[in-house]
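Contents: one structure, followed by commentary.
Convention: sequence-line order gives letters A, B, ...; per-chain numbering from 1.
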Number of protein chains: 2
Amino acid sequence: MHMEKGDAHYRIDNLDKSILRALMDNARTPYAELAKRFQVSPGTIHVRVEKMKQAGIIEGTRVQVNGKKLGYDVCCFIGIILKSARDYPRALAQLEALEEVVEAYYTTGHYNIFIKVMTRSIDELQQVLIHRLQPIEEIQSTETLISLQQPIDRDVTP
Amino acid sequence: MHMEKGDAHYRIDNLDKSILRALMDNARTPYAELAKRFQVSPGTIHVRVEKMKQAGIIEGTRVQVNGKKLGYDVCCFIGIILKSARDYPRALAQLEALEEVVEAYYTTGHYNIFIKVMTRSIDELQQVLIHRLQPIEEIQSTETLISLQQPIDRDVTP
DNA sequence: TATGAAAGACCGCTCCC
DNA sequence: GGGAGCGGTCTTTCATA
């Protein structure tokens with residue numbers, strides 16, 4: 001766990017929300033344009049953004065990369081059932097080492113761990129399933145859910 | 001530049017990959033710093049980034065927002081089984097209207113649609129399940145998977 | 001055709017009101 | 001919170017291999 005930056009209880013107002021929404025859509029939007037759009041001065045935009053950075057609301061800026069254009073065509077979710085719930089940390093450590101595993105969730109219910117895997121092909125997915133996941137001792141069984149398409153992908157609304 | 005926007009066949013080299021990795025970590029990394037790091041000129045960085053934008057590999061820049069700091073503490077996945085596979089477009093349209101639905105996948109297997117939902121509390125999640133999803137006619141049944149923690153969250157490696 | 005260097009425009013940061 | 005000046009960054013242009 002890394003250190004928490006700033007005050008977690010900073011309450012954002014409508015201006016903050018507007019700024020966030022704009023920057024979530026395009027992080028390079030000039031402050032001057034935001035200022036004009038929201039009828040405040042560029043300095044104010046700067047102050048608000050800085051506050052939200054300090055509060056840890058804004059964690060950073062990332063370029064959004066189109067995975068398909070890089071050849072990552074196959075996306076799937078895999079529900080993992082462990083032999084024992086106590087195996088969680090060891091299983092997780094091994095999943096972290098697999099770069100095809102882009103997300104992992106510790107879940108309640110039917111599965112112990114739920115992961116999202118992205119590969120360049122169905123063949124590569126099979127390789128990951130057979131040669132990477134199956135050999136992990138702590139895993140009892142897995143269930144795979146292949147995604148053919150992702151029609152919705154957005155962030156939470158501030 | 002004669003390359004069409006969205007050309008899927010632009011092959012990136014090692015320099016492109018390095019630039020991508022850096023910008024995926026921090027989209028505001030100065031070109032001059034990247035130039036120094038990779039032993040090329042700032043102009044070259046600019047040309048490469050522009051190419052990748054044109055090729056559709058770089059889709060844009062987004063600020064990364066900490067959902068928890070905004071109060072979105074609850075994350076869950078919901079597998080949706082439709083009454084008929086033909087209902088997919090109508091069901092999707094209604095899911096799109098729910099801002100709590102941040103991701104949706106069209107999947108093979110047990111479910112027809114698989115969605116990721118983020119809410120501010122368990123109570124709000126229940127509200128979404130009961131008052132938003134259940135009323136959707138096209139849905140036959142749903143299965144909910146609550147995530148207690150997300151230990152891995154990263155992008156595909158270029 | 002791709003790279004490297006330099007000049008100009010633009011943006012963000014800071015100070016003061 | 002608003003406004004202006006400074007410093008830094010991005011972008012563009014041109015020369016070069």
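Within the nucleic acid shown, A:V47 has no heavy atom closer than 4.0 Å to any nucleic acid atom.
Taking side-chain N and O atoms only, A:T44 has a distance below 4.0 Å to OP1 or OP2 of D:dG2. Dashed line: the shortest gap from a side-chain N or O of B:H46 to OP1 or OP2 of D:dC10 is not under 4.0 Å. Look at B:R48 and you'll find a side-chain N or O under 4.0 angstrom from OP1 or OP2 of C:dT3. The phosphate of D:dT9 has neither OP1 nor OP2 within less than 4.0 Å of any side-chain N or O from B:Y31.
Other residues, nucleotides and ligands place no more than 12 heavy atoms under 6.0 Å from the NZ atom of B:K36.
In this structure, A:Q39 places its CD atom 14 Å from C1' of D:dG2, rounding to the nearest Å. Atoms CD (A:E33) and P (C:dC10) sit 14 Å apart, rounded to a whole Å. Nucleotide D:dG2 holds its P atom 14 Å from the CG atom of A:L34, rounded to whole Å. When rounded to the nearest whole Å, the span between CD1 of A:I45 and P of D:dG2 equals 9 Å. One can place NZ of B:K36 at 21 Å from P of C:dT3, the figure rounded to the nearest angstrom. The CZ-C1' distance, from B:R28 to C:dC10, rounds to 13 Å in whole Å.
Taking the six-membered ring for Trp and the full ring otherwise, B:Y106 and B:F114 have centroids separated by 6.0 Å or more.
With D:dG3, C:dA2, D:dC10 as the candidates, the nucleotide lying closest to the side chain of B:K51 is C:dA2. For A:P30, the side-chain atoms get nearest to C:dC11 when compared with the rest of C:dC11, D:dC10, D:dG3.
Between A:I122 and A:V74 the shortest heavy-atom distance is N-CG2, 3.6 Å. Nearest approach of A:K83 to A:D87, heavy atoms of both residues: CB-OD2, 4.0 Å.
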